[in-house]
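When a ligand or atom number is given, it counts from 1 through the structure's own listing order.
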Amino acid sequence: MYRNRIERAQQIMRERGVDALILGPGSDLLYLTGYNIHSSERLTALLVFAHADHRLYIPELEASRVTDPSLSLVIWKESESPTKLISEELAAKGVQTIAVGDQLWSIFLLTLQEDIKHVRWIPASTILAPMRLIKTAEEVEFMKRAGKVADRVWERILTIDPRGLTERKMAQIVSDLLLEEGAEDIAFNIVASGPNSASPHHSPSSRTISEGDMVIFDYGGPLMGYNSDITRTLHVGRADEEELKVYKAVKEAQQLAFLAVKPGIPAREVDRAARDHLGSLGLDKFFIHRTGHGLGLDVHEPPYITPDSDLQLQEGMVFSIEPGVYIPGKFGVRIEDIVVVTQQGAERLNLATRELIEV
Ligand code: CO
Ligand code: CO
């Protein structure tokens, strides 16, 4: 799989006149090699040439982490400068155009740019983003399984009485459930209760969840590197009329956006389906973000489902549909599913109930 991906990247590089590609730690490196490593001051970098073999520069103390024998390693010692080794190699090959990973730390790029003059630098996403944008059947399968993990976690959250728990404690429980159900890691985890639910990217706090709260849960974690991302909103005790009205509006907006998805339409039409519905109910001013984002090895990646995106949807694209309404000082509601574009329309990768549950 990885060999094919590198060959495909080399083919695109040759088509675009790009001689070399440099990737630091991050999702592009993971995509091309399967190697997952944190960013640090010790540089790990994949160097791919359009017309020659690739190599992975790696610090000596991490070399034993690499288990794939097909990756040709350049192991650098603590006394060596990896950027110097890389720039020497690039100079020896006489490269003219270099694509640099979007996630490579600027300190490494600035050092390379000091060493290598008179070349053209471009972002690696121009080569890799189009590859990652369309998921293969295998990638979709990983994401379906990740989605099922998230769904099972929601079923289990609904069995817990949240009264008296802090948001932070509840988030800890959600993290434990994610790992128990099969996630490899926690990608993110939002628990936002009461007035905090009106803040879309709230960090779980010491606030105690209590009777009358709306509570937004938004969490995800990877399986085979591919992430899940689900949002559900529940109510503690009986919801009042305004809460029920807002919840219904968001649920309908989410469904209308889902029904709008089909290959060949611009992404903005999916956003519009949700936004227009909320607008017809006077709630669009409280919908303060885009309708969705792509998902894969990164939690946020193309395609972005925004009001002005002309990007044409294609079979195999995977993204979230997550309209929300946030009434400052009062409460918020968001409902999010991941969908994959199919030949006919879209398929949800999350099947957990979207009904308002009063716990
Ligand atoms: Co989410
Ligand atoms: Co999301």
Practice task
Indicate if the distance from the Co ion (ligand 2) to the nearest N, O or S atom of Asp218 falls below 2.8 Å.
Solution key: no

Handout entry: Metal check, the Co ion (ligand 2) vs His293 N/O/S, cut-off below 2.8 Å
Key = yes

Practice task
Nearest 10° is fine: what angle sits at the Co ion (ligand 2) between OE2 from Glu322 and OE2 from Glu336?
Solution key: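 It comes to 80°.
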
Practice task
Could you label the plane-to-plane angle of the Phe108 and Trp105 rings as parallel, tilted or perpendicular, counting under 30° as parallel and over 60° as perpendicular?
Solution key: parallel

Handout entry: Donor-acceptor pair between Glu243 and His235 side chains, under 3.5 angstrom
Key = yes

Exercise for the section: Have a look at Asp229 and say which of its N, O or S atoms is nearest the Co ion (ligand 1). Expected result: OD1

Exercise for the section: Assess the pair Phe217 and Trp154: is the distance between their ring centroids shorter than 6.0 Å? Expected result: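 They qualify: ring centres under 6.0 Å apart.
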
Handout entry: More than 12 heavy atoms of other groups within 6.0 Å of Glu15 CD
Key =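 More than 12 within 6.0 Å, yes.
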
